[in-house]
Amino acid sequence: MVDVELDQGYYERGIAARRDAHTHLTDVTDILDGIEEEADKLLADLFAILDRIESD
């Protein structure tokens, strides 16, 4: 087994990184919701086109 010594700032840097990530990622859910909404619209349009093609 290898003994590893962590420097004094190891935990502080980890906590700061998590805090920063949390702050920077707050908009991700809203962005993904917008993408999902656009994908749903595109899929509905595609189904409408396919329905028209099949009925012709």
Side-chain angles (χ1 to χ4, degrees):
M1 179 146 82
V2 177
D3 288 331
V4 176
E5 259 187 69
L6 303 175
D7 66 271
Q8 296 295 324
Y10 176 80
Y11 292 105
E12 288 80 14
R13 286 192 310 275
I15 291 168
R18 286 178 190 81
R19 187 181 312 116
D20 290 345
H22 176 74
T23 301
H24 294 301
L25 296 175
T26 56
D27 296 336
V28 169
T29 302
D30 293 335
I31 292 168
L32 292 176
D33 286 344
I35 292 170
E36 182 179 21
E37 189 175 307
E38 288 298 318
D40 288 343
K41 288 177 186 176
L42 290 170
L43 188 59
D45 290 346
L46 176 61
F47 284 145
I49 291 169
L50 292 174
D51 285 342
R52 277 184 281 183
I53 291 172
E54 287 179 0
S55 64
D56 287 343

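Bear in mind that the values here come from a model prediction, so they are computed numbers and not experimental data.
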(request) Answer yes if Leu25 and Ile31 sit in the same cluster of Ile, Leu, Val, Met, Phe, Trp and Tyr residues linked by side chain heavy atoms under 4.5 Å apart, and no otherwise. (result) yes
(request) Output all residues satisfying side chain to side chain contact (heavy atoms under 4.5 Å, CB included) with Glu36, sequence neighbours left out; order by chain, then residue number. (result) Asp33, Asp40
(message) Which residues pass the side-chain hydrogen bond (donor to acceptor under 3.5 Å, both in side chains) test with Arg52, not counting sequence neighbours?
(response) none
(request) Treating Ile, Leu, Val, Met, Phe, Trp and Tyr as nodes and any side-chain heavy-atom pair under 4.5 angstrom as an edge, say whether Tyr10 and Val2 lie in one connected cluster. (result) yes
(request) State plainly whether one hydrophobic cluster holds both Ile35 and Leu46, where clusters connect Ile, Leu, Val, Met, Phe, Trp and Tyr through side-chain heavy atoms under 4.5 angstrom apart. (result) no
(message) Nearest 0.5 Å, please: how far is CG in Asp45 from CG in Leu50?
(response) 11.0 Å
(message) Using the rule side chain to side chain contact (heavy atoms under 4.5 Å, CB included), only one of Asp30, Val28, Thr29 pairs with Leu32; which is it?
(response) Val28
